[in-house]
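Working notes, structure below.
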Amino acid sequence: MLDPAVLPPGRPSSARLAAHFRRMAKLKGDKWANINEARQELLNKGGFRYFAPEVFEFFLVRFHFNRSFHLMLNAYKKYALRPADTPGAVTLASTRAHDIAFHSSDQVLDPSGEALLALCKEDKVPIHLVICPKDELRGLSDEAKVWQTDVIGKTSNGSVQQIEKGGHLFPQVEPILAAHHVRTALLKIWDSGARL
């Protein structure tokens with residue numbers, strides 16, 4: 001798991017973190033007149049501004065702009081931008097309303113923590129956690145990271161690696177470093193003979 005959105009069920013710290021993400025979602029733009037406006041705004045706001053350039057492009061649309069607009073619209077189907085209702089306009093696949101609803105629902109947040117607790121209690125699946133202790137969330141995620149580390153650390157096949165830079169979005173900010181940590185985890189699982 002790479003810095004998962006798995007929070008301790010029923011804890012006040014989880015509610016505070018969800019409230020923070022809800023506030024951020026309310027400020028998020030999610031519709032633009034064209035792809036260039038979307039790119040400019042996203043590159044200057046929120047976590048996107050820290051993405052490695054190649055990751056940002058892959059996330060955004062993954063295509064070359066010299067193709068026809070029709071082909072560009074087809075490319076959106078798998079990535080962050082989608083055609084909007086106005087010709088040429090684009091919208092994020094994960095809209096403001098979607099993000100607000102996600103971070104408002106205990107039915108979404110608590111079950112992820114409960115699922116992790118159940119997996120760790122069963123202790124049959126090797127679980128590897130990669131986290132960055134220092135992030136841009138100003139301490140809001142600290143309790144969740146300590147809880148995740150503790151729960152996974154008690155399993156026989158669990159392990160935790162701490163990545164030294166990149167913050168909450170380290171897979172997008174430091175993709176090579178994140179890939180190295182994933183490789184290390186997979187080699188450990190392979191060497192132990194554990195089955196996925």
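The hydrophobic cluster containing Y50 also contains L43, counting ILVMFWY residues as joined when their side-chain heavy atoms lie under 4.5 angstrom apart, directly or transitively. Residues L117 and V160 fall within the same hydrophobic cluster, defined by Ile, Leu, Val, Met, Phe, Trp and Tyr side chains chained together at heavy-atom separations under 4.5 Å. Hydrophobic clustering of Ile, Leu, Val, Met, Phe, Trp and Tyr side chains at less than 4.5 Å, counting indirect connections, unites V90 with F56. The cluster map of Ile, Leu, Val, Met, Phe, Trp and Tyr, joined by side-chain heavy atoms under 4.5 Å apart, puts L186 and L177 in the same cluster. Cluster membership for V55 and I35, using ILVMFWY side-chain heavy atoms within less than 4.5 angstrom, is shared.
A donor-acceptor distance shorter than 3.5 angstrom exists from the side chain of T95 to the backbone of H98, with no hydrogens or angles considered. Of the possible donor and acceptor atoms, one in the side chain of D30 sits under 3.5 Å from a partner among the backbone N and O of R96. E136 places a side-chain N or O within donor-acceptor distance of the main-chain N or O of H168, the cut-off being under 3.5 Å. Under the 3.5 Å distance criterion, the side-chain polar atoms of Q148 are matched with a main-chain donor or acceptor of V6.
Using a 4.5 Å heavy-atom cutoff, the side chains of D3 and V130 are not in contact. Residues I152 and S159 have side chains not in contact (no heavy-atom distance under 4.5 Å, counting atoms from C-beta outward). Counting only heavy atoms from C-beta outward, the side chains of L92 and K28 approach each other to under 4.5 Å. In this structure, the side chains of L42 and W32 come closer than 4.5 Å at one or more pairs of heavy atoms. Between E54 and P175, some side-chain heavy-atom pair lies under the 4.5 Å cut-off. In this structure, L81 and F59 have side chains that are not in contact, with every pair of non-hydrogen atoms separated by 4.5 Å or more.
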I'd like to know whether K31 forms a salt bridge (charged side-chain N to carboxylate O under 4.0 Å, His left out) with D85, so could you lay out the CA-CA distance, the side-chain angles of the two residues, the decisive distance to 0.1 Å, and finally the verdict.
CA-CA 10 Å; K31 187 174 180 182; D85 48 1; 2.6 Å; yes
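What you find for T91 and P83 is that their closest heavy atoms are CG2-O, 4.1 Å. Residues Q162 and P133 approach most closely at OE1-CG, 3.3 Å, considering heavy atoms. In terms of heavy-atom proximity, A185 sits nearest to H128 at CB-CD2, 3.0 Å. Shown here for H181 and E164, the closest heavy-atom pair between the two residues is NE2-OE1, 4.3 Å.
Checked against a 6.0 Å centroid threshold, the rings of F48 and F51 count as neighbours.
The CG atom of D99 sits 3.5 Å away from the OG atom of S94 when rounded to the nearest 0.5 Å.
Under the ring pair (Phe, Tyr, Trp, His ring centres under 6.0 Å) criterion, F170 pairs with no residue at all, not counting sequence neighbours.
One finds no salt bridge joining K154 and D123 here, because no Lys/Arg side-chain nitrogen approaches an Asp/Glu carboxylate oxygen to under 4.0 Å.
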